[in-house]
Amino acid sequence: LAPKNSDPKNDIFIDYNIVSCLKCGCLQLSNLVDLNVLYREQHYESNWVGQKKQFEIFSNMIIQEINDKPVKIIEVGAGSGKFAKILKNKQSNIDYTILDICPDNPNIEDISFINANCENYDFPSDSMVVASHMFEHLYTPHKFVKNLSKNNVRDVFIIIPNQRAQIKHKIHPVIYHEHTYLVEKDDIAYIFGEHNYYIHNFEEYDIHALILHFKLSNTTIINVLKPKFNRYNIKEVFEEKRDKVKNLILDKSFYIIPASHSGMLI
């Protein structure tokens with residue numbers, strides 16, 4: 001972990017170790033970085049075309065639920081506020097707040113900012129909660145959802161990576177220093193169901209993302225189905241990347257530029 005403009009001698013190293021829960025089989029990191037170190041600087045979203053499509057689907061799903069009503073939205077882990085701007089442009093009468101563990105305020109006009117940890121923040125009951133590619137970063141996801149339910153948050157909108165598809169296509173290992181555990185549709189439905197939420201709307205965007213709208217049930221949800229035990233061989237993803245690198249013929253000087261987690265893997 002190397003903050004920008006820092007001396008490489010001060011880089012922080014941790015062992016990459018994946019374990020499996022004895023109860024549910026969920027794959028997860030056993031070594032977690034201090035949150036105050038990992039998120040001390042703002043994360044900025046990329047501009048690739050797939051993300052634009054995800055945000056379009058996601059924003060339309062939210063707008064469909066809002067239906068032109070004035071609402072209060074809290075977006076958790078909003079980064080530089082890219083999605084916030086998209087949603088505000090579609091419906092200006094949203095009372096929009098960004099809540100982020102990183103203290104850097106993106107300073108967007110007409111959007112409030114709160115520096116806090118979503119896992120123990122008291123969300124207003126009249127708010128909708130939005131989380132774009134944040135849920136897979138949580139250290140205690142049950143604690144976060146329990147907190148939403150306790151505060152009577154009726155609507156929660158989530159985008160998560162389509163991790164099953166990405167492992168199947170051996171794009172990258174999906175679990176790394178920020179993505180702390182393997183979460184798929186069944187897993188996330190189970191976590192929310194344990195705290196009385198059900199899936200109201202769902203879309204799958206290619207191999208990139210799962211987009212979900214959860215509603216808090218007016219009656220207690222019983223017999224929540226546990227996800228099937230899925231142990232993916234993430235080791236195969238590493239091996240394929242390693243073999244590709246091994247077969248490169250490098251007859252001139254070169255640079256390795258480790259962009260994002262895929263580059264770090266190489």
Side-chain angles (χ1 to χ4, degrees), residues 1-21 26-48 51 54 74-84 97-108 113-121 123 129-148 158-163 166-167 171-183 187-188 191 208-209 234 237-238 241 256-266:
L1 302 170
K4 61 186 177 184
N5 303 321
S6 66
D7 188 331
K9 293 178 182 177
N10 298 324
D11 289 357
I12 300 169
F13 296 88
I14 64 168
D15 290 335
Y16 179 83
N17 189 32
I18 295 178
V19 296
S20 178
C21 174
C26 177
L27 299 180
Q28 55 202 275
L29 291 179
S30 61
N31 301 325
L32 299 173
V33 184
D34 183 336
L35 285 169
N36 294 319
V37 172
L38 191 57
Y39 297 111
R40 64 185 164 195
E41 293 180 356
Q42 193 56 266
H43 286 47
Y44 292 91
E45 299 90 345
S46 64
N47 288 310
W48 68 289
Q51 187 200 58
Q54 286 180 47
I74 298 179
E75 184 181 354
V76 180
S80 59
K82 185 175 181 179
F83 182 72
T97 298
I98 287 174
L99 186 147
D100 205 308
I101 197 168
C102 173
D104 292 344
N105 185 343
N107 292 311
I108 304 171
F113 177 78
I114 299 171
N115 176 216
N117 187 337
C118 66
E119 295 182 358
N120 52 34
Y121 179 75
F123 291 90
V129 170
V130 171
S132 168
H133 288 281
M134 182 283 297
F135 197 81
E136 66 277 8
H137 292 244
L138 292 172
Y139 283 13
T140 53
H142 272 283
K143 185 177 178 181
F144 170 60
V145 181
K146 182 179 180 181
N147 190 33
L148 294 173
I158 301 283
I159 301 182
I160 59 172
N162 192 344
Q163 293 185 328
Q166 291 175 11
I167 293 176
I171 296 173
H172 54 72
V174 307
I175 301 176
Y176 60 102
H177 65 285
E178 287 190 9
H179 288 186
T180 58
Y181 62 108
L182 183 69
V183 57
D187 302 290
I188 200 169
I191 292 170
H208 301 298
I234 293 177
V237 183
F238 279 97
K241 301 290 185 186
I256 296 177
I257 304 176
S260 186
H261 43 275
S262 299
M264 289 164 60
L265 171 61
I266 293 172

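Worth knowing before you read on, the calculation uses all heavy atoms, side chains too, and leaves out hydrogens, waters and symmetry mates.
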Next item on the list: Please name all residues satisfying ring pair (Phe, Tyr, Trp, His ring centres under 6.0 Å) with Phe113, sequence neighbours left out, ordered by chain then number.
Entry: none
Check: Sequence neighbours excluded, which residues qualify as ring pair (Phe, Tyr, Trp, His ring centres under 6.0 Å) partners of His133?
Finding: none
Check: Just how far is it from atom CZ of Phe123 to atom CG of Leu148, taken to the nearest 0.5 Å?
Finding: 5.5 Å
Margin query: So does Ala209 get a backbone contact from the side chain of Gln54, meaning a donor-acceptor N/O pair under 3.5 Å?
Written below: no
Item checked: Minimum-distance pair of heavy atoms, taken over all atoms of Pro106 and Ser80 -> CB-O, 3.5 Å
Note to self: For His179 and Tyr176, take the angle between the two ring planes, folded into 0 to 90°, and tell me which bin it lands in: parallel under 30, tilted 30 to 60, perpendicular over 60.
What the structure shows: tilted
Notebook entry, point to check: For Gln28, which residues count as a side-chain hydrogen bond (donor to acceptor under 3.5 Å, both in side chains) partner, sequence neighbours excluded?
Noted result: none
Next item on the list: Compare all side-chain heavy atoms of Glu119 with those of Asn147 and state whether any distance is below 4.5 angstrom.
Entry: no
Next item on the list: Identify the heavy atoms of Ile175 and Tyr16 that sit nearest to each other, and give their distance.
Entry: O-OH, 2.6 Å
Notebook entry, point to check: Pick from Leu27, Ile167, Leu182, Ile234: which one makes a side chain to side chain contact (heavy atoms under 4.5 Å, CB included) with Pro173?
Noted result: Ile234
Note to self: Could you measure the distance from the CD1 atom of Ile159 to the CD atom of Glu136? Nearest 0.5 Å is fine.
What the structure shows: 9.5 Å
Next item on the list: Answer yes or no: is there a side-chain heavy-atom contact under 4.5 Å between Phe135 and Ile191?
Entry: yes
Note to self: So, taking the atom named CD1 in Ile18 and the one named SG in Cys26, what distance separates them when rounded to the nearest 0.5 Å?
What the structure shows: 10.5 Å
Next item on the list: Any chance you could measure Asp100, atom CG, to Glu75, atom CD, to the nearest 0.5 Å?
Entry: 9.0 Å
Margin query: Show the nearest heavy-atom pair for residues Val37 and Arg40, with the distance to one decimal.
Written below: O-CG, 3.3 Å
Margin query: On a heavy-atom basis, which atom in Cys118 and which in Leu138 lie closest, and how many Å separate them?
Written below: SG-CD2, 3.7 Å
Item checked: Nearest non-hydrogen partners of Val19 and Ser30, listed with the distance -> CG1-CB, 3.9 Å
Note to self: Closer than 3.5 angstrom, by distance alone: can the side chain of Gln166 be matched with the main-chain N or O of Ile171 as a donor-acceptor pair?
What the structure shows: no
Notebook entry, point to check: Looking at side-chain heavy atoms only, is the closest gap between Tyr139 and Asn117 below 4.5 Å?
Noted result: no
Note to self: Any heavy-atom pair between the side chains of Phe83 and Val130 that's under 4.5 Å?
What the structure shows: yes
Note to self: Once rounded to the nearest 0.5 Å, what's the spacing between atom NE2 of His137 and atom CG of Leu35?
What the structure shows: 11.5 Å
Note to self: Please find the pair of heavy atoms, one from Gly81 and one from Ile98, that lie closest to each other, and give the distance.
What the structure shows: CA-CD1, 4.0 Å
Next item on the list: Give the C-alpha distance, both sets of side-chain angles, the deciding distance and a yes or no for side chain to side chain contact (heavy atoms under 4.5 Å, CB included) between Ile158 and Ile188.
Entry: CA-CA 10 Å; Ile158 301 283; Ile188 200 169; 3.9 Å; yes
Notebook entry, point to check: Counting only heavy atoms not in Asn120, do more than 12 sit closer than 6.0 Å to its CG atom?
Noted result: yes
Check: What's the spacing between Ile114 CD1 and Ile101 CD1 if we round to 0.5 Å?
Finding: 14.0 Å
